[in-house]
Amino acid sequence: MPEAVWILGGYQTDFAKNWAKAGQEFSDLTEEVVRETLADAGVAPADIGVVHVGNAFGQLFTRQGQLGGMPATVEPELWEAPSARHEAACASGGVAALAAMADIESGRYDSALVLGLELEKTVPGDLAAGHLGAAAWIGHEGRDAQFMWPYMFSALADEYDRRYGIDDAHLRAIGELNFRNARANPNAQTRGWTLTDRSFAADDEANPLVEGRLRRSDCSQITDGGAGVVLVGERFLARNPEIARGRSLARVLGWGHRTVGLPLAQKLERSRDDEYVLPHVRRTVLDAFARAGIAGVDDLDGIETHDCFSMSQYAAIDHFGITGPGESWKAIENGELEIGGRIPVNPSGGLIGGGHPVGATGVRMLLDAARQVTGTAGAYQVEGARRFGTLNIGGSTTTTVSFVVGAEPAA
């Protein structure tokens with residue numbers, strides 16, 4: 001059996017912060033995340049066996065590559081610690097966490113620092129949107145789009161509409177829920193935004209169309225930020241029993257990871273006879289459930305999922321099994337996704353409300369899941385949560401990573 005992997009602690013920056021305006025750069029972001037993540041976990045840099053960095057677009061937004069070397073640049077005690085950067089578009093953070101887990105499970109290392117880092121507010125918004133489009137199949141899809149990703153997820157909504165029917169009001173309701181949840185999150189990008197009912201209506205002035213059928217309230221934001229977690233194995237805890245004494249730790253109970261081709265049209269063509277629009281996403285979630293030893297979504301107390309657009313959350317609802325295929329609207333109408341509902345989704349505010357620094361998102365989700373199951377999520381805590389799921393996607397679900405995190409006494 002592979003060694004169990006525990007989450008000792010972690011940290012998230014304020015996703016409302018504009019680092020360029022503050023006169024800061026990648027090294028400053030990295031230094032803060034490294035320092036505060038280690039402090040929250042209660043370990044020293046010398047305790048870290050390996051470092052994994054999730055970052056999607058460093059060279060495009062800042063011209064800075066080789067980000068595996070940035071932790072040692074800002075923390076001298078990480079000098080010579082093995083480190084690597086991972087790129088999988090918006091799933092970069094999830095893939096970095098998987099790599100760290102593999103190191104621990106194999107026995108190669110017994111502790112890992114996982115960082116998700118992204119700076120995106122270094123260029124004007126239209127240029128930023130162009131940079132983010134690099135995760136599509138360049139030159140082959142979205143050539144007529146002004147904004148690549150709203151275009152792509154509008155196309156996904158069109159496919160749902162063709163197969164099952166869809167009411168855009170349900171998409172706007174997802175945006176409203178996530179903006180509302182974000183108000184309680186002290187690190188959420190939109191926590192201080194002033195929004196009205198018109199902000200979530202089919203109102204071309206207050207909530208304009210961005211691309212296709214998607215409106216402003218359907219879209220996550222251009223975001224700066226970072227997140228980190230410390231993962232450890234049983235051997236580490238056996239050598240350092242004082243770290244776990246007297247507290248419940250979060251454990252990664254299960255994981256799923258699948259990768260398919262880049263084009264959305266190819267994905268939809270391959271699934272044309274399947275009840276799920278994105279069957280590889282469904283299988284990724286089921287992989288995580290199976291490895292966690294749970295029967296299904298009702299064994300979870302909540303979910304942090306990838307709502308880069310409201311449509312990606314709409315798809316996550318039925319692919320997690322909260323509803324049957326094509327019936328996500330039922331959970332939205334019935335209030336099942338609310339904090340206090342059957343299965344709270346994105347109590348943090350998700351990406352739409354909380355912010356989406358691309359390479360950091362998968363790590364942030366893992367951190368929020370750990371906080372929920374250990375009762376340390378603060379104002380957006382789901383009462384009594386003991387098991388949480390995550391879903392982190394890259395591109396038009398080209399890369400999909402899912403975790404199940406639970407709270408258990410450490411071995």
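If you're wondering where the values come from, they're calculated on a predicted model, not measured in any experiment. For the numbers below, each heavy atom of this structure counts, side chains included, while hydrogens, waters and symmetry mates do not.
- By the 6.0 Å and 45° rule, Lys17 stacks over the aromatic ring of Trp19.
- Pairing each heavy atom of Arg387 with each of Leu253, the nearest pair is NE-CD1, 4.0 Å.
- Annotation: Phe200 is in aromatic contact with Phe179 [ring centroid separation under 6.0 Å].
- Between Tyr160 and His319, the ring planes are tilted. Angles from 30° to 60° get that label.
- Considering only heavy atoms from C-beta on, Arg163 comes within 4.5 Å of Ser271 through its side chain.
- With Asn392 as reference, Thr361 is the one residue of Leu98, Thr399, Thr361, Leu366 to meet the side chain to side chain contact (heavy atoms under 4.5 Å, CB included) rule.
- Atom-to-atom distance recorded for Trp329:CH2 and Tyr314:OH is 8.0 Å, nearest 0.5 angstrom.
- Across all their heavy atoms, Thr284 and His257 have their closest contact at CG2-N, 3.7 Å.
- Put simply, the side chain of Val363 reaches to within 4.5 Å of the side chain of Val229, judged on heavy atoms.
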Steps toward side chain to side chain donor-acceptor pair (under 3.5 Å) verdict (Ser396, Lys267):
CA-CA 9 Å; Ser396 55; Lys267 299 174 179 74; 2.9 Å; yes

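- Counting only heavy atoms from C-beta outward, the side chains of Trp149 and Cys308 never approach each other to under 4.5 Å.
- You'll find the side chain of Asp368 stays beyond 4.5 Å of the side chain of Met365, heavy atoms only.
- Using a 4.0 Å cut-off between a side-chain N of Lys or Arg and a carboxylate O of Asp or Glu, Glu75 and Arg35 do not qualify as a salt bridge.
- With contacts defined as side-chain heavy-atom distances shorter than 4.5 Å, the pair Leu351/Arg364 qualifies.
- By the 4.0 Å N-to-carboxylate-O rule, Asp287 lies close enough to Arg258 to be salt-bridged with it.
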Side chain to side chain donor-acceptor pair (under 3.5 Å) evaluation trace for Asn207 with Ser217:
CA-CA 7 Å; Asn207 191 23; Ser217 65; 3.0 Å; yes

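- With respect to the salt-bridge test (charged N to carboxylate O, under 4.0 angstrom), the residues Glu234 and Arg251 do not qualify.
- Ser248 approaches Ala407 most closely through the heavy-atom pair OG-CB, 3.7 Å.
- Residue Ile339 comes nearest to Tyr380 through the heavy atom pair CD1-O, 4.2 Å, listed as atom of the first residue, atom of the second, then distance.
- Side-chain contact between Leu249 and Leu8 is present, with at least one heavy-atom pair separated by less than 4.5 Å.
- Two residues are said to be in side-chain contact when any heavy atoms from C-beta on lie closer than 4.5 Å; Val53 and Leu113 fail this criterion.
- Considering only heavy atoms from C-beta on, Val345 comes within 4.5 Å of Gln313 through its side chain.
- At a threshold of 4.0 Å, the pair Arg191-Asp14 counts as salt-bridged, since one of the basic side-chain nitrogens sits closer than that to a carboxylate oxygen.
- Salt bridge Arg172/Glu176: absent, no basic N to carboxylate O contact under 4.0 Å.
- Of all the heavy atoms in Thr223 and Gln189, the pair that sits closest is OG1-OE1, 2.6 Å.
- Ion pair Glu242/Arg245 not flagged as a salt bridge, since none of the NZ, NE, NH1 or NH2 atoms sits closer than 4.0 Å to an Asp/Glu carboxylate oxygen.
- The pair Glu336-Lys330 does not count as a salt bridge, with every side-chain nitrogen at least 4.0 angstrom from each carboxylate oxygen.
- Listed by chain and number, the residues in a ring-ring contact (aromatic ring centres under 6.0 Å, His included) with Phe320 amount to none (sequence neighbours excluded).
- The shortest heavy-atom contact between Glu118 and Pro357 is CB-C, 3.8 Å.
- Checked by atom type and distance alone, the side chain of Asn55 pairs as donor or acceptor with a backbone atom of Leu117 at under 3.5 Å.
- Remark: Asp318 does not engage Arg282 in a salt bridge, criterion side-chain N to carboxylate O under 4.0 Å.
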Test side-chain contact (heavy atoms from CB on, under 4.5 Å) applied to Met148 and Leu132, step by step:
CA-CA 8 Å; Met148 177 70 78; Leu132 296 171; over 6 Å; no

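- A salt bridge links Asp161 to Arg213: at least one charged side-chain nitrogen sits closer than 4.0 Å to a carboxylate oxygen.
- Panel note: side chain Glu211, backbone Ser154; no donor-acceptor pair is recorded below 3.5 Å.
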